[in-house]
Trainee: 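Sharing a structure here in structure tokens format.
Heavy atoms only: backbone and side chains are in, while hydrogens, waters and symmetry mates are out. The chain is numbered in sequence order, starting from 1. Keep in mind the model is a prediction, meaning the values are calculated, not measured.
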Amino acid sequence: IVIVSGKIEPEAVFEKIKAAYGALEGGPRLERPEFPRYSQTSERRIEIHDELATPRVAYGYRITPAEHPDTSALDVLAQILFHGESSRGQTRLVRGGSFVAFSGMGFTPTYPGLFFMTGVLRQNVSLEKAEEEIESLLREIRARGVSEAEVKAGVRQLTVQYLDSMQTPRGLAQLVGSVELVLGRPQKFVDELTRLRKVTPADVQRVAQQYLDPNQRSVVVLRRKATS
């Protein structure tokens with residue numbers, strides 16, 4: 001894919017593209033592969049021992065592909081949990097909890113994605129205590145949901161991120177190219193913004209209940225290697 005943006009002369013740009021790529025033979029549009037859907041009914045866990053100052057833990061949950069109706073609500077949930085000093089992760093787990101750093105995101109490509117989070121523990125905090133703090137935070141959202149104000153803030157942050165990315169020609173080209181690769185048509189960017197604005201607190205609670213199930217998570221724990 002070649003994306004050109006900015007103050008350009010289209011005909012001149014087309015000629016340059018033809019000169020650079022015209023000799024290459026075109027082919028049919030590749031079909032997107034169907035990825036298998038795995039059924040997970042219990043937690044999967046692995047421990048790795050390495051030379052670390054403090055332990056670390058990472059959680060991953062299988063979620064939706066980009067065009068799934070639940071993806072926008074999952075994106076808003078990620079904003080509420082991870083992004084900004086007022087996010088629940090920062091207020092509960094970092095400033096008020098067992099972590100010196102805690103972050104995460106929802107990754108939703110063309111195939112089923114991953115909602116993941118990772119944290120670095122404070123000195124002398126047990127992994128058991130730190131993991132219970134994570135689960136307590138997620139359990140609270142599953143049980144009680146989130147506020148209208150949190151959803152509005154998350155939607156606003158995501159919208160600003162989209163719009164800010166279009167402020168420069170490079171940013172606009174990257175956005176158009178990304179939407180083309182993931183969604184198959186650049187115009188679908190507008191559809192994404194429309195779906196985002198329709199997300200409600202009930203949607204966010206529902207996706208938290210459906211996708212952030214403890215029995216569907218995969219956990220990686222990094223512990224300090226024992227010294228001889």
Trainee: Just grab all the ring pair (Phe, Tyr, Trp, His ring centres under 6.0 Å) pairs involving residues 124-145, residues at least two apart or on different chains.
Mentor: none
Trainee: Any donor-acceptor pair under 3.5 Å linking the side chain of T118 with the backbone of A58?
Mentor: no
Trainee: Which heavy atom of P201 sits nearest to which heavy atom of V146, and what is that distance?
Mentor: CB-O, 3.5 Å
Trainee: Counting N and O atoms only, with roles assigned by atom type, does the side chain of T71 sit under 3.5 Å from a partner on the main chain of E67, one being a donor and the other an acceptor?
Mentor: no
Trainee: Hydrophobic clusters here meaning ILVMFWY residues chained together by side-chain heavy-atom distances under 4.5 Å, can you tell me if L137 and V204 are in one?
Mentor: yes
Trainee: Could you tell me the separation between the CG atom of L212 and the CE atom of M117, rounded to the nearest 0.5 Å?
Mentor: 5.5 Å
Trainee: Is any side-chain heavy atom of P69 closer than 4.5 Å to one of K198?
Mentor: no
Trainee: Test of understanding: clusters of I, L, V, M, F, W, Y form through side-chain heavy atoms closer than 4.5 Å, transitively. Do F82 and V151 belong to the same one?
Mentor: yes
Trainee: Taking everything shown except R45 itself, do over 12 heavy atoms lie less than 6.0 Å from its CZ?
Mentor: yes
Trainee: Before giving the answer on side chain to side chain contact (heavy atoms under 4.5 Å, CB included), spell out for F115 and V207 the whole-Å C-alpha distance, their side-chain angles and the decisive distance to 0.1 Å.
Mentor: CA-CA 11 Å; F115 195 99; V207 297; over 6 Å; no
Trainee: Can you tell me how far CZ of R197 sits from OG1 of T159, rounded to the nearest 0.5 angstrom?
Mentor: 7.0 Å
Trainee: Which pair of heavy atoms, one from V221 and one from E131, lies closest together, and at what distance?
Mentor: CG2-OE2, 4.1 Å
Trainee: If you compare all heavy atoms of T64 against all heavy atoms of T108, which two are closest, and at what distance to 0.1 Å?
Mentor: O-CG2, 3.2 Å
Trainee: When hydrophobic residues are tied together by side-chain contacts of less than 4.5 Å, even through go-betweens, does L121 share a cluster with V100?
Mentor: no
Trainee: Enter the distance from L93:CG to S136:OG here, rounded to the nearest 0.5 Å.
Mentor: 9.0 Å
Trainee: Between D75 and S72, does any side-chain donor sit less than 3.5 Å from a side-chain acceptor?
Mentor: no
Trainee: Do L52 and V220 share a hydrophobic cluster, counting only Ile, Leu, Val, Met, Phe, Trp and Tyr and linking them when any side-chain heavy atoms are less than 4.5 Å apart?
Mentor: yes
Trainee: Between V57 and I134, is the side chain to side chain contact (heavy atoms under 4.5 Å, CB included) condition met? List the steps.
Mentor: CA-CA 10 Å; V57 62; I134 296 175; 4.1 Å; yes
Trainee: Can you give me the closest heavy-atom contact between G89 and F102, atom names plus distance?
Mentor: CA-CD2, 4.1 Å
Trainee: Supply the members, apart from V160, of the Ile/Leu/Val/Met/Phe/Trp/Tyr cluster built from side-chain contacts under 4.5 Å; use none for a lone residue.
Mentor: none
Trainee: Kindly give the cluster partners of V13, where membership spreads through any ILVMFWY side chain lying under 4.5 Å from a current member.
Mentor: V2, V4, I8, I17, Y21, L24
Trainee: Are side-chain heavy atoms of Y61 and L74 found at a separation under 4.5 Å?
Mentor: no
Trainee: How would you list all residue pairs meeting salt bridge (charged side-chain N to carboxylate O under 4.0 Å, His left out) that involve residues 147-169, not counting sequence neighbours?
Mentor: R88-E150
Trainee: State plainly whether the residues E132 and K129 are in salt-bridge range, i.e. N to O under 4.0 Å.
Mentor: no
Trainee: Please list all pairs meeting side chain to side chain donor-acceptor pair (under 3.5 Å) that have one or both residues in residues 207-223, counting only residues at least two apart or in different chains.
Mentor: E43-R217, E47-R223, D70-Y211, E135-R217
Trainee: Are V120 and V219 grouped together when hydrophobic residues (ILVMFWY) are joined by side-chain heavy atoms under 4.5 angstrom apart?
Mentor: no
Trainee: Decide side chain to side chain contact (heavy atoms under 4.5 Å, CB included) for L81 and I141; before the verdict, give the C-alpha distance in whole Å, the side-chain angles of both, and the deciding distance to 0.1 Å.
Mentor: CA-CA 10 Å; L81 280 172; I141 292 177; 3.6 Å; yes
Trainee: Flag yes if more than 12 heavy atoms outside Q123 fall under 6.0 Å of its CD atom; otherwise flag no.
Mentor: yes
Trainee: Can you run down the salt bridge (charged side-chain N to carboxylate O under 4.0 Å, His left out) pairs that involve residues 92-105, sequence neighbours left out, and say none if there aren't any?
Mentor: E85-R95, R92-E140
Trainee: For R139, I'd like to know if atom CZ has over 12 heavy atoms of other residues, nucleotides or ligands within 6.0 Å.
Mentor: yes
Trainee: Nearest 0.5 Å, please: how far is OG1 in T200 from CD in Q205?
Mentor: 9.5 Å
Trainee: Search all heavy atoms of A73 against all heavy atoms of V199 and return the closest pair with its distance.
Mentor: N-CG2, 3.9 Å
Trainee: Do R122 side-chain atoms and S98 backbone N/O form a donor-acceptor pair below 3.5 Å?
Mentor: no
Trainee: Rounded to the nearest 0.5 Å, how far apart are CG of L158 and NE2 of H83?
Mentor: 7.5 Å
